[in-house]
Amino acid sequence: MATFLYHVGRIAFRWRWFVTFLWIAVLGAVGFAATKAPAAPDDGFAMPGIESQKAFDLLDERFPGSAADGASARIVFIAPNGQKVTAAENKATIDDLVHEAADGPQVTGAVDPFQAKAVSADGSTAYATVSFKAPAADLTDAAKEHLERAVDQARDAGLTVEIGGDALATQPAAGGSAEVIGIAVAAVVLLITFGSMAAAGLPLLTAVIGVAIGMTGVIALGSTFGLSLTSGTLASMLGLACGIDYALFVVSRYREERGKGRAPREAAGMAVGTAGSAVVFAGLTVVIALAGLSVVGIPMLTKMGLTAAGAVLVAVLICLTLVPALLGFWPDAVLARRVRKGTKRRRTKKGDAGDAGDANSAGAPEPENGGSRWARLVVRHPVPVLVLGVMGLGALALPAADLQLGMPGDEAKPTSTTERRAYDALADGFGPGFNGPLTIVVDTKNADDPKAAAAVIGKRIADTSGVVSVSPARFNEARDAAILSATPSTSPTDSRTVDLVKSIRAERTGIERESGATYEVTGSTAMNIDVAKKFQDALIPYLIVVVGLAIVLLLLVFRSLLVPLKAALGYLLSVLASLGVVVTVFQHGHGAELLGVEQTGPIMSMMPIFLVGIVFGLAMDYEVFLVSRIREAYVHGDRPRQAIISGFRTSARVVVAAALIMMAVFAGFVGADESMIKMIGFGLAVAVLFDAFVVRMAIVPAVLALLGDRAWRLPRWLDRLLPSIDVEGEAVTRKHPVPAATAERDDPELVLSN
């Protein structure tokens with residue numbers, strides 16, 4: 001692979017105009033397709049195989065048109081202090097609003113709260129439901145503005161009016177500022193790392209091109225594959241972070257090869273053949289981990305995983321082709337200023353093209369830098385570093401044992417949104433369980449007396465501890481199915497509500513035998529409980545698959561048994577520690593206000609799965625880039641501890657820069673309004689912090705120092721069976737050795753910058 005990529009790098013450098021034009025053409029074609037594509041669909045949430053989904057499917061079958069496509073608005077009225085909504089003046093205001101709302105465009109009806117008995121016991125709160133023909137995404141501006149004007153009139157009359165439901169739901173910010181923040185921080189880190197505007201700008205440019213292709217591709221293919229911009233948020237996040245990091249590694253290796261005296265085109269080929277090989281492997285691990293999300297069996301999660309995998313794949317291809325092509329336009333611009341000036345002086349003096357130089361520095365000792373000094377400290381004191389690292393991450397991981405999964409609703413939105421205020425008002429007026437009723441779908445097809453069967457089921461459920469009330473049965477036209485609504489005494493995210501759903505389902509056999517009909521429990525609350533359970537059941541098997549994959553892949557790369565085991569255990573530590581911190585902040589609430597989290601609760605059901613899959617790919621990135629340089633030094637004759645120091649000398653600074661960029665990109669999404677994106681951004685930023693700086697930069701060198709030569713041993717029979725991956729590019733290095741000696745060989749400015 002290294003030899004093939006070496007030729008790819010040289011060809012891209014040589015044919016830079018063609019390669020650059022090709023990528024620009026791809027971007028233009030995809031962008032044009034995006035402008036002509038139909039609008040992206042709304043993200044539907046379907047979960048095959050769970051009871052709640054089966055009940056929804058039964059509703060679609062027996063109650064055509066009831067389930068679900070039309071938007072709705074729940075208008076909540078709160079009387080001024082000391083008054084009641086039933087007072088004549090307030091009642092007249094509410095009646096006027098209901099009649100005005102019913103006459104709005106796309107409205108199918110508005111339910112009067114006084115006729116529907118939707119008034120709280122103390123008379124302080126009431127609500128009206130407005131139903132629309134079209135889903136929320138298809139409501140016209142006229143329909144929304146008509147309802148908003150009616151609400152404003154009621155507010156002017158003195159009532160407090162809040163709006164729940166999805167018709168006028170506050171849409172989360174698009175998140176463009178997150179990418180801007182990440183790019184800005186990345187630019188600063190790259191400039192400090194490279195000391196060159198061109199070297200800092202090139203990874204940013206190529207990453208932005210990759211993200212642009214990925215996001216326009218999502219828009220272009222949205223209607224065909226059911227993708228939405230929400231599915232593309234993760235793709236944007238990972239595409240930007242991986243695109244910058246991968247280009248960073250190739251540019252850094254190019255500068256290093258130029259420092260050894262190679263001509264620009266040869267240096268580009270060597271950079272793609274060596275660092276590019278690691279990029280291919282690291283990118284494939286991310287792609288496999290993201291594509292593996294499809295095994296969970298959730299369509300939306302599958303779309304998000306595959307979309308993000310596609311963005312990472314684009315980042316890899318751009319890194320291998322467009323980066324060396326752009327280096328061909330400005331072969332010296334990415335070098336540090338002092339090195340560029342020295343190169344020009346030598347060229348003027350010798351009249352060459354940078355292929356060779358003076359021989360006065362051959363054999364000079366490798367200079368020390370921050371990476372080598374840190375590695376030297378670790379290998380001198382491996383036991384304390386290992387103990388501190390493991391104990392620290394272990395302590396942070398402890399809260400993960402208290403992990404509770406769920407799906408946040410309006411209660412997780414900021415209090416600045418009317419949906420959150422409506423939620424709180426309904427909870428205060430009607431009880432905490434009012435916002436999460438359970439829908440009981442009764443199948444009476446085989447019942448002798450459908451009405452009596454539904455009444456028996458309703459009575460038995462009403463007698464269940466934790467149920468406040470059960471509505472009368474509402475039958476379909478065929479009288480073979482009915483719907484009941486059960487109101488719990490606890491909130492949708494309360495653990496007691498989970499127990500209640502389990503109790504109602506556990507009593508099913510006896511109730512169905514008594515009534516002669518069958519029933520299933522659904523509704524948003526039950527759906528969230530079932531989704532959380534499915535994610536929780538899938539987490540351990542997915543973690544086992546990912547860890548097993550990590551061991552196999554690293555076994556192929558490093559041809560060692562102990563290095564993969566060490567890497568997998570370190571990965572587990574970083575994942576569990578980051579998950580523990582997420583639980584501490586978003587579930588327990590410690591420091592939540594600093595992130596703008598106003599309401600804590602269960603961790604989003606898909607968050608642990610995302611964390612496991614994405615952190616796996618990122619952890620393997622740093623493991624490959626760092627340990628491959630250590631193994632390269634060991635293979636070339638360094639003793640085990642000296643190999644660690646040599647590997648850190650050449651790679652630590654770049655890995656640190658890559659980790660800081662990753663953290664900046666992910667942390668930028670913490671400012672998003674959507675709670676899922678905020679939580680994912682925070683979790684990934686913390687995971688990169690732990691994995692890059694604690695596991696890879698501290699625990700890994702400590703373990704390698706303790707293992708010594710044993711770290712690189714592999715049974716002969718296994719060595720013969722395994723294919724040769726050659727991530728370090730040994731074959732290319734042997735075939736294309738460094739020129740005998742050059743003046744650039746040990747220039748500290750160039751070596752330290754790598």
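Side-chain atoms are counted along with the backbone in the values below, which use heavy atoms only and exclude waters and symmetry mates. Not measured: the values here are computed from a predicted model. Numbering of residues begins at 1 and proceeds along the displayed sequence.
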Donor on one side chain, acceptor on other, N528 and T525, under 3.5 Å:
no

Derivation and outcome, side-chain contact (heavy atoms from CB on, under 4.5 Å), residues L562 and R710:
CA-CA 8 Å; L562 295 179; R710 290 170 296 177; 4.3 Å; yes

Start with the C-alpha distance between S372 and N369, add both sets of side-chain angles, then the distance that settles side chain to side chain donor-acceptor pair (under 3.5 Å), and finish with yes or no.
CA-CA 5 Å; S372 61; N369 60 16; 3.3 Å; yes

So, R420 and D424, do they make that salt bridge, N to O below 4.0 Å?
yes

Using every non-hydrogen atom in the two residues, find where A685 and M663 come nearest and quote the distance to one decimal.
O-CG, 3.7 Å

Can a donor-acceptor pair be found, under 3.5 Å and without considering hydrogens, that links the side chain of T490 to the backbone of G433?
no

Heavy-atom distance under 4.5 Å between the side chains of L704 and P640, does that happen here?
no

For V250 against A275, the heavy-atom pair lying closest together
CA-CB, 4.2 Å

Can you confirm whether V498 sits close enough to K502 that some side-chain heavy atom of one is under 4.5 Å from a side-chain heavy atom of the other?
yes

Is there a side-chain contact between S651 and Y622 (heavy atoms, below 4.5 Å)?
no

Between CZ of R629 and OG of S646, what distance do you get to the nearest 0.5 Å?
10.0 Å

Within the distance-only criterion (no hydrogens, no angle test), does the side chain of T497 pair as donor or acceptor with the backbone N or O of T493 below 3.5 angstrom?
no

E51 side chain to D530 main-chain N or O, any donor-acceptor pair under 3.5 Å?
no

CZ on F535 to CD1 on I609, rounded to 0.5 Å:
6.5 Å

Where the side chain of S252 meets the backbone of L248, is there a donor-acceptor pair that is under 3.5 Å apart?
no

CD1 of I630 to CD1 of I645: how many Å apart, nearest 0.5 Å?
10.5 Å

Beyond-backbone contact of I50 with Q53, side-chain heavy atoms, under 4.5 angstrom
yes

side-chain contact (heavy atoms from CB on, under 4.5 Å) between D245 and V279: does it pass, once the steps are laid out?
CA-CA 9 Å; D245 274 10; V279 164; over 6 Å; no

Distance (rounded to the nearest 0.5 Å) between L565 CG and L554 CG:
10.0 Å

Does D691 use its side chain to pair, donor to acceptor, with the backbone of S574 at less than 3.5 Å?
no

Aromatic rings Y246 and F625: how do their planes relate, parallel, tilted or perpendicular, breaks at 30° and 60°?
tilted

Can you name the closest pair of heavy atoms from V385 and A702 and give their distance?
CG1-CB, 4.2 Å

Indicate the atoms forming the closest heavy-atom contact of P432 with S489, along with that distance.
CG-O, 3.3 Å

Test log, rule side-chain contact (heavy atoms from CB on, under 4.5 Å), inputs L611 and S578
CA-CA 8 Å; L611 202 63; S578 56; 3.4 Å; yes

Taking 4.0 angstrom as the limit, do E632 and R253 come out as a salt bridge?
yes

For residues L405 and L403, determine if any side-chain heavy atom of one lies less than 4.5 Å from a side-chain heavy atom of the other.
yes

F682/F586 aromatic ring centres below 6.0 Å:
yes

Is the number of heavy atoms from other residues, nucleotides or ligands within 6.0 Å of CZ (R505) greater than 12?
yes

What distance separates T307 OG1 from L290 CG, expressed to the nearest 0.5 Å?
10.0 Å

Compare all side-chain heavy atoms of F648 with those of R653 and state whether any distance is below 4.5 angstrom.
no

Decide side-chain contact (heavy atoms from CB on, under 4.5 Å) for V627 and V563; before the verdict, give the C-alpha distance in whole Å, the side-chain angles of both, and the deciding distance to 0.1 Å.
CA-CA 9 Å; V627 179; V563 169; 4.2 Å; yes

Which value, rounded to the nearest 0.5 Å, describes the distance between M662 atom CE and C242 atom SG?
4.0 Å

Taking all non-hydrogen atoms of both residues, which atom of M607 and which atom of M679 are closest, and how far apart?
CE-O, 3.5 Å

Ignoring hydrogens and angles, tell me if any N or O in the side chain of T285 forms a donor-acceptor pair with the backbone of A282 under 3.5 Å.
yes

Under 3.5 Å donor-acceptor, S52 side chain and T522 backbone
no

Taking all heavy atoms of G613 and all of A289, pick out the closest pair and write down the distance.
O-CB, 3.1 Å

Give a yes or no on whether a salt bridge exists between R713 and D709, defined as a side-chain N under 4.0 angstrom from a carboxylate O.
no

Would you say the side chain of L573 lies within less than 4.5 Å of the side chain of V694, judging by non-hydrogen atoms?
no

Do K566 and Y571 have side chains that approach each other closer than 4.5 Å (heavy atoms only, starting at C-beta)?
no

Exam field: side chain Q587 to backbone Q404, donor-acceptor pair closer than 3.5 Å:
yes

